[in-house]
Amino acid sequence: MWKNILPVALFLLHRGYSPDVISERAASLMPVAMRLEQKEGINHNLLINDTYNADVTSLEMALDFLAQQSRKKGISRTVILSDLLQTGLPEDELYPLVAGLINEKGIDRFIGVGPALLRHSDLFGGDASFFETTGELLNVLPSFHFSSEAILVKGSRRFSFERIIQWLELKRHATVMEINLDALIHNLNQYRRLLNRETRVLAMVKAFSYGSGSYEIASALQHQNVDYLGVAFADEGMELRRAGISIPIIVMNPEEKSFGQMLEYNLEPEIYNFRVLEAFYSVAATEAGQVPVHIKIDTGMNRMGFLDSEIDELVSRLKKMPSLKVKSVFSHLAGSDDETHDAFTWRQISLFKQICGKIKIALNTDFWMHILNSGGIERFPKAQFDMVRLGIGLYGFGAGEIEDLQNVVTLKSYISQIKPVAAYDTIGYNRAGSLMRDGRIGIVPVGYADGLNRHLSNRRGKMMVNGRLASIVGNICMDMCMIDLTDINAEEGDEVIVFGDDYPLTNLARQLDTIPYEILTSISRRVARVYYRE
Ligand SMILES: *Cc1c(COP(=O)(O)O)cnc(C)c1O
């Protein structure tokens with residue numbers, strides 16, 4: 001501060017102000033608020049926020065601070081920096097200076113935003129990426145997969161870097177879905193233990209990866225050397241490709257209008273009837289080389305796929321379609337997780353084998369065979385053939401054969417308000433609920449628009465607060481619900497678990513007479529997904 005005041009004092013003396021006046025006025029000056037703000041980020045990141053201005057001196061100070069904090073925590077260093085405006089230096093002096101600082105302060109990852117940085121990108125070594133605008137960076141921010149890093153976010157005001165901070169900041173007081181990536185990988189490995197070394201794994205990531213997020217899950221699975229991904233629709237696959245997922249992807253419900261884009265994005269279709277076969281062939285025939293397809297056989301599910309009676313016709317058509325490469329032939333089990341259907345499951349498996357044999361001979365070609373979903377892997381590992389299709393098991397919901405599966409997804413919120421309610425006063429819409437004695441309720445900002453099923457209203461559903469179960473009282477509203485806290489020690493701001501490790505989602509599924517799949521996939525997209533590793 002003295003460094004700034006001295007020239008001013010000298011100037012005032014020079015202009016004839018008395019030292020008394022100067023010292024009196026100097027005493028009333030307020031120190032400028034600390035510009036470097038530290039925040040806890042998502043995924044165990046540490047955020048250092050300096051989104052007010054950027055010049056070379058303040059950059060150097062911020063970099064030193066970043067170095068000090070990252071050393072303290074033993075984590076890596078990331079810098080997100082905008083163009084420096086109004087420094088008075090010409091670009092070709094300024095940016096070598098900036099690049100010099102970045103290179104010399106041991107920065108592990110550098111992200112530059114602005115036309116000037118983009119123009120000088122070749123000055124920056126190592127892991128560096130550049131964007132013309134903040135908006136462009138925001139579009140791909142998830143693909144950076146920030147985790148356990150100290151991140152300095154420093155930008156000139158015009159670049160609105162507070163939008164980046166908003167995205168990276170851990171919001172304590174919010175309804176969030178936490179996804180434990182280590183538990184997901186643990187579960188993957190539990191299933192892998194049931195497989196032969198050569199058996200490939202296709203991970204189903206349809207429906208936003210069972211509600212848990214597309215890119216982050218796909219990226220973690222790709223990193224674990226999963227062989228294939230499965231999505232329901234072409235746009236899900238295109239989203240993954242645009243985010244940088246490069247392993248093969250099957251589209252289970254390919255729509256005719258997207259065939260062109262599927263070829264462009266390297267997405268492989270499931271072919272389930274003659275209409276789709278002909279339509280896809282007419283698009284693929286113009287491609288250079290063979291295009292992989294996956295043939296779906298209906299062995300008893302009575303959903304999609306060719307029937308046994310259609311196989312001869314299928315083979316004769318495929319023979320006339322040299323540009324299609326039958327990469328795999330597969331089928332789907334209707335009741336793999338349920339003992340009462342085991343005889344039926346074995347019949348499906350044997351019919352599948354028989355049909356595949358027939359196709360192999362008729363086409364005189366080899367292809368992969370696969371029929372097992374999660375329940376099938378656990379209960380019918382003998383039928384693993386060349387590949388298996390793992391879905392719900394990744395999230396820890398098994399068929400009972402694997403003991404050590406871990407919970408992956410936690411939905412949590414917090415108590416936004418606590419208030420006393422007298423006995424028999426009604427609570428919420430339609431006056432549907434009340435306490436039987438004087439008590440108190442907590443308001444929780446999670447409602448049916450977040451995916452909290454309204455059938456959990458009026459004490460059917462419960463939530464966990466400080467290790468105790470609190471009943472939902474009254475009707476669940478669109479954006480919030482009320483819980484009975486009469487016998488529970490709790491304060492405003494306390495965390496509320498809707499489901500998670502200690503209050504499993506299977507409880508909700510049972511109360512709602514449904515399956516975990518439906519609960520997971522009905523959590524609305526407006527609930528932020530937060531990924532972490534332990
Ligand atoms: C969803 C799906 C799977 C995965 O099923 P889980 O029961 O979640 O393991 C496998 N195959 C197909 C065709 C699917 O649609």
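Starting from 1, each residue takes its place in the sequence as its number. Numbering of ligands and ligand atoms starts at 1, following listing order.
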How would you list, by chain and number, the residues with a heavy atom under 4.0 angstrom from ligand 1? M204, K206, Y210, R303, H332, N373, S374, R389, G391, I392, Y517
Donor + acceptor pair across side chains of H294, S328 (<3.5 Å): yes
So side chain to side chain donor-acceptor pair (under 3.5 Å) across residues 355-366, not counting sequence neighbours, yields D308-K358, K360-D366
Answer yes or no: are there more than 12 heavy-atom neighbours, outside R193 itself, under 6.0 Å from its atom CZ? no
Relative to F144, does R109 satisfy both conditions: NZ or CZ under 6.0 angstrom from the six-membered ring centre, and within 45 degrees of the ring's axis? no
Please check this pair: side chain of Q224 against backbone of Q222, looking for a donor-acceptor N/O pair closer than 3.5 Å. no
Short side-chain to backbone donor-acceptor contact, R529 and V527, under 3.5 Å: yes
